[in-house]
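Take a look at the structure set out below.
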Amino acid sequence: MPEKIYEHNAIELKWSERWAADPKLFAPEENSSKPKYYVLEMLPYPSGTLHIGHIRNYAIGDALARYKWMRGFNVLHPMGWDAFGLPAENAAIKNNRQPGEWTNYNIEHMKRQHRRMGFSYDWDREISTCQPEYYRWNQWMFLRMYEKGLAYRKNARVNWCTLCATVLANEQVVNGCCWRHEDTPVEQKELVQWFLKITAYAQELLDAMQKLEGGWPDRVLAMQRNWIGRSEGTEVDFTLEGTAEKIRVFTTRVDTIYGATCVILAPEHPLTAQLVKGEEYGKVKAMIDYLATKGPGDVSKEGLFTGAYAVNPYNQQRVPIWIGNFVLMGYGTGAIMAVPAHDERDFEFCTTYGIPIIPVVRPVDGALPAKVEAAFGDYGIVENSGAWTGLSSADARKQMSDLAKKEGFGESSITFRIKDWGISRQRYWGTPIPFIHCKQCGVVPVPDDQLPVVLPDNVQFTGKGKSPLAMVPEFVNVKCPTCGAAAERETDTMDTFVDSSWYFYRYCDNKNSTAPFDKKKIDYWFPIDQYIGGVEHAILHLIYSRFWTKVMRDLGLISNDEPTARLFTQGMVIKDGAKMSKNKGNVISADTLVEQYGADTGRLFELFAAPPERDLDFTDAGAKGAYRFIDRVYRFVTRNADRMHSPGEPTEADRKVLRKLHQVIEKISVDFESRWHFNTSIAAFMELINELYAHEANLSGPVVKDVLERIILLLAPFAPYICEEMWAEIGREGPVLKQAWPTFDPELAKEDGAEVILQVNGKVRSRLAVAFGTTKEELEKMAMANEKVQSFMAGKPVVKVIVVLDKLVNVVVKG
RNA sequence: GCCCGGGUGGCGAAAUCGGCAGACGCAACGGACUUAAAAUCCGUUAUCCGCAAGGGUGUGCGGGUUCAAUUCCCGCCCCGGGCACCA
């Protein structure tokens with residue numbers, strides 16, 4: 001049969017339509033006897049276009065899903081839409097279109113692109129987080145958290161633009177100014193907002209990471225540890241001189257407390273307003289405003305002496321109380337003791353303001369300095385510290401904390417950097433927070449039977465003034481569920497990270513209208529066997545979703561502790577040396593890719609060009625190469641399909657090709673099971689094709705059959721369309737993903753013999769073809785007899801001979 | 001400042017357990033086919049010296065361990081990312 005020309009568009013469209021027409025094709029089996037496998041790619045925001053960055057994520061997941069099907073797993077591989085969020089609202093302001101309409105239009109388009117790419121999703125399980133059927137369960141779970149005290153209200157600052165007279169999201173703040181008014185500085189405004197008590201789970205989130213080790217990338221775990229930021233220290237009460245009032249400070253170095261030369265309060269500390277009155281307080285106010293406009297890192301240290309003094313409970317020393325702009329109210333107790341001799345920041349502050357510097361810790365092998373030139377922050381031996389003098393820092397920390405506890409002026413304490421999760425957004429396009437504000441009854445939860453609280457349609461978007469929801473009277477004006485009096489609905493909506501914190505549970509039971517999901521289904525599918533997404537979600541999404549899982553477990557909704565057993569974070573797709581973005585105009589959409597090269601080429605190229613965890617530069621020439629390669633395989637298969645059925649005796653070419661085939665089966669299987677270096681899997685597959693081209697004329701019929709069938713199966717996870725087509729071309733019935741993965745025969749893969757390298761003083765001088773298992777003695781003898789080896793030995797005396805079986809002989813000579 | 005990654009040909013990369021550095025692909029060059037071009041097929045391609053045979057050098061830099069180091073250890077430099085006055 002003559003070879004066929006690879007017409008990617010016709011072939012891919014044909015199979016795309018057939019696959020779409022079979023809704024059960026990519027669906028998991030009910031009551032399956034197969035082992036389950038849940039593979040998940042992070043759901044996209046429906047921005048309007050699927051681009052080559054998305055495709056990398058999905059190509060990895062899809063290759064894995066298809067491989068697992070072929071390996072006999074019952075695979076769950078769903079997809080959905082993270083559909084709430086700011087861009088829809090911005091589009092509404094700009095184009096006078098409803099956010100929902102804009103979003104749904106985008107979803108339709110992107111779903112078409114998804115289908116055209118041929119990813120093996122069970123679309124029957126699709127979810128979109130902006131649908132009331134979905135977000136009602138956000139509201140329902142939020143109410144359960146409220147009942148457990150895990151959702152609460154408190155004052156917090158928001159970004160405020162005076163010109164828009166509206167709240168800005170962090171993303172809408174550009175260089176400290178409003179995104180729509182480039183020279184209007186953003187101000188801080190206090191509002192009452194909702195928080196989720198993630199800090200209650202800080203310790204468990206940290207501890208449970210031990211179980212994730214090995215399954216999650218180290219860098220993600222490191223980032224999460226950093227984010228949670230546990231630190232062990234001591235809280236100590238200083239006394240406000242002349243009163244019984246206590247000032248509690250937090251320190252990790254109580255062993256240095258004899259060197260404390262002042263106490264510094266955060267500007268927002270409650271005591272500040274009490275100690276600094278009248279005109280002076282204006283300076284504190286200025287400090288707070290200054291901090292709000294500055295990014296962290298470029299704040300210069302400023303202080304203000306209050307005139308008051310505090311007494312150190314360990315040595316009754318009297319020290320001045322200062323206000324410092326670098327002391328954070330949100331961490332520890334909002335007050336610190338400054339030990340300039342042993343802390344760099346305190347040193348800088350005290351030097352500036354002429355506050356004394358007293359060293360009290362010396363290096364283990366050194367002495368206390370006569371004059372402190374720089375802070376010594378390491379552990380050492382405590383000096384000039386009363387009864388503690390001579391102890392190591394570690395011992396002193398422990399014993400001094402114990403004393404504080406015993407005497408009642410403090411205790412050891414653990415502080416976390418992670419803060420409670422503020423979820424209130426003064427926005428329209430998000431889940432309405434299900435609460436009602438009643439003058440009589442206060443903050444009243446919406447009863448379960450009134451859920452969902454549905455977003456109203458036809459809202460005006462001006463981008464100014466109150467939140468759009470606050471301007472819809474039908475939405476705002478309600479009766480109090482408790483007393484029936486006129487009341488007002490909460491108009492804030494939830495952070496969209498709420499939506500993505502549990503969406504992967506809903507895939508298991510996406511049509512359930514009486515509960516978020518059926519626990520039995522979760523027990524079957526969870527944890528997710530493999531989660532795949534961008535590293536930019538290493539902290540927020542991936543911590544929030546871990547937190548949400550633990551809350552749902554404690555609510556009795558599920559039994560698993562963690563959502564995800566294994567996580568993979570793929571690298572970014574770079575175009576022309578820069579991250580793709582609309583601003584740079586270097587975004588390549590899936591449509592462009594498909595039209596030029598086809599879905600298979602795009603996927604194959606992105607998997608081949610770099611290992612998946614690394615950043616990838618998308619180049620046209622590279623894509624062309626992948627196209628050429630698929631074409632090369634396709635032509636080989638089509639022109640040899642007839643030969644499959646011709647009889648023939650085994651040939652030498654058969655043996656070589658089968659050997660390579662089985663080596664490649666092993667290689668690709670191992671890559672899937674361990675490293676995921678699909679770039680090397682595909683390289684090995686290319687070597688196999690090169691081998692086939694070299695021996696094409698001399699292959700026997702039975703081996704042609706064997707090889708054609710297996711190369712199609714091996715390539716299928718990476719380029720599914722062309723493989724489905726080739727499977728049909730060789731007269732087999734699909735679908736390919738339900739065929740068994742080729743088995744590896746170690747006997748056939750074996751090389752004829754070993755090639756042993758001969759070295760003299762570590763340099764390769766010759767090589768020997770020998771039988772496997774040739775003994776050390778024989779190898780050594782052969783090496784010593786080798787002409788090249790002899791000439792490089794140059795008659796010098798042999799020091800020793802290293803022999804590694806089947807690998808090398810290294811003759812070490814003197815000189 | 002702290003915590004992660006990474007640094008190998010003209011380019012993307014490979015070397016999975018300390019054992020041939022550069023597999024595979026791109027680009028380039030040469031050949032075959034063609035009236036010609038494209039496509040395709042075959043070949044060459046780290047670098048220096050050499051006509052060649054062959055030899056030297058080479059994985060960011062400097063040391064070390066080892067018969068042997070891209071790989072392990074110590075100290076630096078550069079690039080990317082995260083956190084950042086967290087007491």
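Below, each value reflects all heavy atoms present in this structure, side chains not excepted, and no hydrogens, waters or symmetry copies. All of these numbers come straight from a predicted model, not from anything done at the bench. Chain letters run A, B, ... following the sequence lines, proteins first and then strands; every chain starts at 1.
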Choose from [options] the nucleotide whose nearest atom is closest to any side-chain atom of [X].
| X | options | result |
| --- | --- | --- |
| A/Leu328 | B/rG55, B/rA87, B/rC67 | B/rA87 |
| A/Arg675 | B/rU16, B/rG19, B/rA87 | B/rU16 |
| A/Met223 | B/rG82, B/rA14, B/rC41 | B/rG82 |
| A/Ile336 | B/rC4, B/rA87, B/rG56 | B/rA87 |
| A/Pro611 | B/rC24, B/rA87, B/rA14 | B/rA14 |
| A/Ala683 | B/rC24, B/rA13, B/rG19 | B/rC24 |
| A/Thr680 | B/rA15, B/rC24, B/rG82 | B/rA15 |
| A/Asn679 | B/rC3, B/rG19, B/rA13 | B/rA13 |
| A/Arg628 | B/rC26, B/rC20, B/rA87 | B/rC26 |

Closer than 4.0 Å, any side-chain N/O of [X] to the OP1 or OP2 of [N]?
| X | N | result |
| --- | --- | --- |
| A/Arg225 | B/rC83 | no |
| A/Ser231 | B/rA87 | yes |
| A/Lys800 | B/rC67 | yes |
| A/Arg614 | B/rA14 | yes |
| A/Lys763 | B/rU57 | yes |
| A/Lys788 | B/rA53 | no |

Under a 3.5 Å cutoff on both atom distances, Watson-Crick or G-U, what's the dot-bracket for RNA chain B ([ ] crossing, | other strand)? (((((((..(((......[....))).(((((.......))))).((((....))))..(((((..]....))))))))))))....
Taking only the C1' atom of each, what is the distance from B/rC11 to B/rU45 in whole angstrom?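 These two C1' atoms come out 14 Å apart once rounded.
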Go through it in stages, so that I can follow the logic: the residues are A/Asn690 and A/Arg632, the test is side-chain hydrogen bond (donor to acceptor under 3.5 Å, both in side chains), and I'd like the CA-CA distance, side-chain angles, deciding distance and then a yes or no. CA-CA 10 Å; A/Asn690 291 344; A/Arg632 195 168 146 89; 2.8 Å; yes
Here's a test for you: under ring-ring contact (aromatic ring centres under 6.0 Å, His included), which of A/Tyr544, A/Phe416, A/Trp421, A/Phe547 qualifies with A/Tyr201? A/Phe547
By the 4.0 Å heavy-atom rule, please label [X] as base, sugar-phosphate, or nothing.
| X | answer |
| --- | --- |
| A/Glu613 | nothing |
| A/Val764 | sugar-phosphate |
| A/Pro217 | nothing |
| A/Lys624 | nothing |
| A/Arg230 | nothing |

Please determine whether any donor N or O and acceptor N or O are separated by less than 3.5 Å between the side chain of [X] and the base of [N].
| X | N | answer |
| --- | --- | --- |
| A/Lys301 | B/rC85 | yes |
| A/Arg767 | B/rC20 | yes |
| A/Asn226 | B/rC83 | no |

Could you check whether A/Arg639 makes a cation-pi contact with A/Tyr693, meaning its NZ or CZ is under 6.0 Å from the centre of the six-membered ring and within 45° of the ring axis?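 Yes, A/Arg639 and A/Tyr693 form such a contact.
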Kindly indicate, with the supporting measurements, whether the criterion side-chain hydrogen bond (donor to acceptor under 3.5 Å, both in side chains) is fulfilled by A/Gln663 and A/Glu687. CA-CA 11 Å; A/Gln663 288 171 351; A/Glu687 285 181 51; over 6 Å; no
